[in-house]
Amino acid sequence: MSKEKASLPKGTRDFTPDQMIRRNYIFHTITEIFQRYGFLPIETPAMENLSTLLGKYGEEGDRLLYKILNSGDFLKALDKADWKDPDPASISMKICDRGLRYDLTVPFARFVVQHRSEIPFPFRRYQIQPVWRADKPQRGRYREFYQCDVDVVGSDSLLNEVEMIQIIDEVFTGLGISVTVKLNNRKILAGMAEVIEQSERLTDITVGLDKVQKIGVENVKKELLSKGIPAASVEKLNPVWDLRGSIDMKLKTMKEFLAGSETGMQGIKETEEVLDFLKPLEMVSRLEVDMTLARGLDYYTGAIIEVVADDMEMGSLCGGGRYDNLTGVFGMEGMSGVGISFGADRIYDVMEHFSLFPDEAVHSTRLLFINFGAREAAYCLDLLKKIRRAGIQAELYPDAVKIKKQMTYAHNRGIPFVALVGEEEMKEGAVALKNMATGDQSKLSLTALISELRR
RNA sequence: GUGGUCGUAGCUCAGCAGGUUAGAGCGCCAGAUUGUGGCUCUGGAGGUCGCCGGUUCGAAUCCGGUCUUCCACCCCA
């Protein structure tokens, strides 16, 4: 019989207890802040109907969706043409009705529409769950990863954008990560496309703009030209490349640039308003207005936000923005929302890189009882019950193996105290307590032991 | 999805112009110490050299494929 080799699908990972304790530290920090801002938790299924997911993330996004093969005889759905001249895209649509969720925002929009009668608007929810993308794995890029989302739907107020940025600031200062928060507005990008008379090429332009820091202005210009955007239009963008200096200076230049675009000016106005609210709030993280920040997701319509770690190449740690009509595709118009999403796995990698995890995060068993045999073990069980009731994390070694082995186990697990209760201690009604750090050992009564460990 | 890269003991890695029984450190197990971990000493176990196929008298070493890792592009948390 051939043995199966233990392995995992590409891009997925197990988490060891050590890692889970650290991951939970991140989740707890984030959850606590979400709750403090009055957000309510929800969960949605790992799989959604494929129709819910398709078309929401752009062409690239559709490619990265994991599709689930239908149960039963899924081949029935195919006709002769499919067999003769197979087209993977159309075939997959016929044999897959469901897919794994790609993010938490679209399922949330679906949730809102479906539960509209039960939800008090504006609805503030948070959601921490894994998502799946069929991307090629790299550092900071996994096929299964956790997102931590907060969204407000049913409110146009820019106060929501302000709160999102506050939450970002609190989360990252809470975790001790130094970040830069980048802010832009889709309306500004749309205005730019308008001003250079290339509105219909908005996506190409934003994708190009997004690459400026990475490949440089000249290469971006080349790319735009190669995509068929006229040289005259590309040249008109020059003021955007040259943006320098303070936020106010950038906005001033952009106002002149966008003067002819109503949409663009609206974007500027919104951005200024958010910044005005933020000003007296004194953020810890650096806030930047970045006119080249694009964000790929198609559904953003207003503010767009991205957070990157300082002094480390790690993509974005958090991203989000305003989407005016996500629920519209599910038949519920006029419902605007803003939301952000924290990438827990990237946050973990950054914290690991900078050694930002506190030691106290590892809180496990404090006292181990050595097992001397059935009679002694039964006696220890009774002591354990009282010790646990006193709130002390304690356990009994399950097998009556050599003391040395049991001591080694305690040592390897970092358990600070060991209790030895053999025949002699049972007779005396005492417990021999050994402090593993100092090596000191003394005989104590149960109450003395409890008060010792409580310190 | 395109291009490249890595893969030897549980871990980190050495070995490789093809040639007897594939090594080290750490870890693990046992003993020195039959009611005591960490330190020390002694001994031991553990490898289809990612997987499949090819070239060769002979392959960990060369070639092809495949899977995995990491990287660039694309895109993104």
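Owing to the predicted nature of the structure, the values given are computational and were not obtained by experimental measurement. Chain letters run A, B, ... following the sequence lines, proteins first and then strands; every chain starts at 1.
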Exercise. B:rG35 P sits how many Å from A:K443 NZ, rounded?
Worked result: 15 Å

Problem set entry | C1' atoms of B:rG35 and B:rC26, separation to the nearest Å | 30 Å

Problem set entry | Gap in Å between the two P atoms, one belonging to B:rC29 and one to B:rC73, rounded | 46 Å

Problem set entry | A:R133 and A:D103 ion-paired at < 4.0 Å | no

Exercise. How many Å lie between CG on A:D349 and C1' on B:rC76, as a whole number?
Worked result: 15 Å

For this session: Output yes when A:R22 and A:D18 qualify as a salt bridge under the 4.0 Å nitrogen-oxygen rule, no when they do not.
Result: no

Exercise. Which nucleotide in the set B:rG35, B:rC75, B:rA72 lies at the smallest distance from any side-chain heavy atom of A:D135?
Worked result: B:rC75

Exercise. Would one find a side-chain N or O of A:R139 under 4.0 angstrom from OP1 or OP2 of B:rC71?
Worked result: yes

Exercise. Are A:R322 and A:E270 within salt-bridge range, i.e. N to O under 4.0 Å?
Worked result: no

Exercise. If the P atom of B:rC51 is compared with that of B:rG7, how far apart are they to the nearest Å?
Worked result: 13 Å

Problem set entry | Short N-O contact, A:R36 and A:E32, less than 4.0 angstrom | yes

For this session: Quick one: label A:F372 by what it contacts on the DNA or RNA (base, sugar-phosphate, nothing), any heavy atom closer than 4.0 Å.
Result: base

Problem set entry | Distance, P atom - from B:rU36 to B:rA30, rounded to whole angstrom | 15 Å

For this session: Starting at atom CG of A:L64, determine the distance to atom P of B:rC76, rounded to an integer number of angstrom.
Result: 9 Å

Problem set entry | Complementary nucleotide for B:rC62 - Watson-Crick or wobble, under 3.5 Å | B:rG54

Exercise. Do A:D345 and A:R13 sit within salt-bridge range, that is, some charged N less than 4.0 Å from a carboxylate O?
Worked result: yes

For this session: Determine the interatomic distance between P on B:rC6 and the same-named atom on B:rG25; round to the nearest Å.
Result: 28 Å

For this session: Return the value, rounded to whole Å, for the distance between atom CD of A:E60 and atom P of B:rU2.
Result: 13 Å

Exercise. How is A:Y142 classified with respect to the nucleic acid when contacts are heavy atoms under 4.0 Å: base, sugar-phosphate, or nothing?
Worked result: base

Exercise. How about A:D151 and A:Y323: does a side-chain donor come under 3.5 Å of a side-chain acceptor?
Worked result: yes

For this session: Using a 4.0 Å cut-off on protein heavy atoms (strictly under), produce a 5'-to-3' string for nucleotides 36-42 of chain B with B for base contact, S for backbone-only sugar-phosphate contact, and - for none.
Result: BBB----

For this session: Using Watson-Crick or G-U wobble geometry with both distances below 3.5 Å, tell me the partner of B:rC28, or none.
Result: B:rG44

For this session: Provide the distance between the two C1' atoms, one in B:rG50 and one in B:rG43, to the nearest whole Å.
Result: 32 Å

Exercise. Between B:rC75, B:rA72, B:rG1, which one does the side chain of A:K211 approach most closely?
Worked result: B:rC75

For this session: Would you mind classifying the nucleic acid contact of A:C318 as base, sugar-phosphate or nothing, using non-hydrogen atoms under 4.0 angstrom?
Result: sugar-phosphate

Exercise. Does A:K402 have a side-chain nitrogen or oxygen under 4.0 Å from the phosphate oxygens OP1 or OP2 of B:rG31?
Worked result: yes

Problem set entry | Among A:R101, A:R125, A:R124, salt bridge (Lys or Arg N to Asp or Glu O under 4.0 Å) partner for A:D149 | A:R125

Exercise. Want to settle it: does A:L8 or A:A344 sit nearer the 5' end of RNA chain B, counting the closest nucleotide to each?
Worked result: A:L8

For this session: Would you kindly give the CD-to-C1' distance between A:E223 and B:rC75, to the nearest whole Å?
Result: 12 Å

Exercise. Whole Å only: how far is the CH2 atom of A:W132 from the C1' atom of B:rC76?
Worked result: 17 Å

Exercise. Touch check for A:G140, heavy atoms < 4.0 angstrom, all strands: base, sugar-phosphate only, or nothing?
Worked result: base

For this session: Scan A:G11 against the nucleic acid and name what it touches under 4.0 Å (heavy atoms): base, sugar-phosphate only, or nothing.
Result: sugar-phosphate

Exercise. Using a cut-off of 4.0 Å on non-hydrogen atoms, how would the nucleic acid contact of A:V418 be classed: base, sugar-phosphate, or nothing?
Worked result: nothing

Exercise. Between B:rA17 and B:rG53, how far is it from one P atom to the other, in whole Å?
Worked result: 26 Å

Exercise. Looking only at atom C1', what distance separates B:rG54 and B:rA59, rounded to whole Å?
Worked result: 11 Å

For this session: Indicate yes or no: does A:E60 engage A:R63 in a salt bridge with an N to O separation below 4.0 Å.
Result: yes

Exercise. If you pin A:F145 and A:K10 to their nearest nucleotides in RNA chain B, which one's is more 5'?
Worked result: A:K10

Exercise. How many Å lie between CG on A:D204 and C1' on B:rC74, as a whole number?
Worked result: 13 Å

Exercise. Donor-acceptor pair under 3.5 Å: do we get one between A:R141's side chain and the base of B:rC71?
Worked result: no

Exercise. Between atom CD in A:E59 and atom C1' in B:rC76, what is the gap in whole Å?
Worked result: 16 Å

For this session: Give a yes/no on whether any side-chain N or O of A:K136 is located under 4.0 angstrom from OP1 or OP2 of B:rC76.
Result: no

Exercise. Between A:E48 and A:K56, does at least one N-O distance fall below 4.0 Å, as a salt bridge requires?
Worked result: no

Exercise. Given B:rC29, B:rC76, B:rC71, which nucleotide is nearest the side-chain atoms of A:K405?
Worked result: B:rC29

For this session: Classify the angle between the aromatic ring planes of A:F342 and A:F172 as parallel (below 30°), tilted (30 to 60°) or perpendicular (above 60°).
Result: tilted

